[in-house]
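The structure appears right after this line, and notes come after that.
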Amino acid sequence: MQHSRKKLDLTGQRFGKLTVLEPAENVGARTAWRCRCDCGKETTVITQRLRDGRQTSCGCDKEHAGKPPCEIARASLTYIDGTCVEMIRTRPVRNNNTSGVTGVEWSARKGRWRATICFKGKRRYLGSYEKFEDAVRARKRAEEEVFEPFLDACAGEIPQSELRPIEEVCPPIARDYSEQRLDLTGQRFGMLTALEPAEDIGSMTAWKCRCDCGKELVVETAHLRSGQTSCGCKTNWTFVDGTFIELLRSKTIRKNNTSGVTGVCWLSRINKWEASICFKGERHYLGCYQNFEDAVAARKMAEEQYHDSFVREFDAASEQKARASG
């Protein structure tokens, strides 16, 4: 499967003692750049080694001979009050980032996007948001107010004394843990129907539910969404052609999901959102998309085509069988 990938433009950026001059011929399958070291020597370095800090000079750091590469790389970087100037200038996205934007992550527990920023050893909470775009906007605004003045001061464009403390730039935001409680009223989870919110169980939200057998009980939200489908009167799920009917009906989101939508994930390797769907033991690829909304739309369309129609057919067949036997 071929994926188009936009090449990063690192021209003019600095990585330790290296200044990127222009693109160079690829090294194998990896993109590379022609760089000039502060000592005057030019060298070719692959993108990954520049961005992860493993190479920050042409190798002229003789005083570090015999030391581990990571220690040499760190010694070549500029740190001010615990902050790496090169990292703030280039702002690379880490390999384990799942949203595609540094400082923005999906909180499955709250069902919201969370934004944060780290500066001079302090991590500031920037709020949680229903929309991914709002969380990204909060992060970008914080970068402009925190990182940009810091870089200007490092370049000597403004005095260090004019820098505002991060507590002033990003004042504390109270975490409202009661906000945006998921409304499950009327939703079915297998044999359970959510009736109304119940008193929290410790720090976990809970719902009063009625089982199809008539019994009422209180169930934690996480248990409903992760697969509890009865009061205990039915221990086995309905398994048809390699597919759990209850799981399709409840549309639960797994705890390890980071996008908030089942079947949609961020591929940092190609900087796109991938959509897929599993049905009858097979995984169907639905494409890669620049926009999160397009990937979600593709997933929802596939759910209607595969899951919803399958559940309707199963329910119709079950109802017909019940009438015939009754």
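Side-chain atoms are counted along with the backbone in the values below, which use heavy atoms only and exclude waters and symmetry mates. Note that this is a predicted model, so its numbers are computed, not measured.
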Is it the case that more than 12 heavy atoms not belonging to R30 sit under 6.0 Å from its CZ atom?
-> no

Do other residues, nucleotides or ligands put more than 12 heavy atoms under 6.0 Å from E162 CD?
->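 Result for CD/E162: enclosed.
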
In this structure, which one of R91, R89, R124 forms a salt bridge (Lys or Arg N to Asp or Glu O under 4.0 Å) with E143?
-> R91

Can you give me the closest heavy-atom contact between [X] and [Y], atom names plus distance?
X    : Y    : value
A198 : V218 : CB-CG1, 3.8 Å
S128 : R112 : O-NH2, 2.7 Å
A32  : V27  : CB-CG2, 3.8 Å
Y306 : F310 : O-CB, 3.1 Å
F150 : L163 : N-CD2, 3.8 Å
E145 : P149 : O-CG, 3.5 Å

Evaluation steps, side-chain contact (heavy atoms from CB on, under 4.5 Å), between Y125 and I117 = CA-CA 7 Å; Y125 172 68; I117 191 169; over 6 Å; no

Would a 4.5 Å heavy-atom cut-off, applied to side chains only, mark [X] and [Y] as touching?
X    : Y    : result
F189 : L184 : yes
W106 : T98  : no
K17  : T56  : no

Kindly compute the distance separating [atom1] ([X]) from [atom2] ([Y]), expressed to the nearest 0.5 Å.
X    : Y    : atom1 : atom2 : value
L18  : K41  : CG    : NZ    : 11.0 Å
I88  : C118 : CD1   : SG    : 10.0 Å
R210 : E196 : CZ    : CD    : 9.5 Å
E22  : C35  : CD    : SG    : 10.0 Å
F132 : E293 : CZ    : CD    : 8.5 Å
H307 : I277 : NE2   : CD1   : 3.5 Å

Chi angles and distances behind the salt bridge (Lys or Arg N to Asp or Glu O under 4.0 Å) call for K140, E133 | CA-CA 10 Å; K140 297 303 182 185; E133 295 77 9; over 6 Å; no

What do the steps show when you test W33 against D9 for side-chain contact (heavy atoms from CB on, under 4.5 Å), and what is the final call?
-> CA-CA 10 Å; W33 297 85; D9 185 7; 4.1 Å; yes

For R137, what residues pass the side chain to side chain donor-acceptor pair (under 3.5 Å) criterion, not counting sequence neighbours?
-> D134

Any sub-3.5 Å donor-acceptor pair from [X]'s side-chain atoms to [Y]'s backbone N or O?
X    : Y    : result
R114 : V104 : no
R139 : T102 : yes
R299 : T262 : yes

Take C58 and C39 through the test side-chain contact (heavy atoms from CB on, under 4.5 Å) and record every step on the way to the result.
-> CA-CA 8 Å; C58 66; C39 71; 3.5 Å; yes

Which residue, R36, R14, Q13, forms the side chain to side chain donor-acceptor pair (under 3.5 Å) with T19?
-> R14

Are W113 and Y129 an aromatic pair by the rule of ring centers under 6.0 Å?
-> no

Are Y289 and W273 an aromatic pair by the rule of ring centers under 6.0 Å?
-> no

Does the pair K300 and E304 meet the rule for a salt bridge (Lys or Arg N to Asp or Glu O under 4.0 Å), with working shown?
-> CA-CA 6 Å; K300 298 302 181 185; E304 171 61 30; over 6 Å; no

Is there a path of hydrophobic side-chain contacts, each under 4.5 Å between heavy atoms of I, L, V, M, F, W or Y residues, that connects V101 with V261?
-> yes

Going only through I, L, V, M, F, W and Y residues with side-chain contacts under 4.5 Å, is there a path from L151 to V146?
->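 Result: yes, single cluster for both.
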
Taking the six-membered ring for Trp, are F147 and F119 parallel (under 30°), tilted (30 to 60°) or perpendicular (over 60°)?
->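 The arrangement is tilted - the two ring planes meet at 30° to 60°.
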
Scan V20, T31, L21 and name whichever one has a side chain to side chain contact (heavy atoms under 4.5 Å, CB included) with L10.
->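 The single option meeting the side chain to side chain contact (heavy atoms under 4.5 Å, CB included) with L10 is V20.
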
Start with the C-alpha gap between S99 and N97, add the side-chain angles, then the distance that decides, and say whether side-chain contact (heavy atoms from CB on, under 4.5 Å) holds.
-> CA-CA 6 Å; S99 71; N97 181 285; 3.5 Å; yes

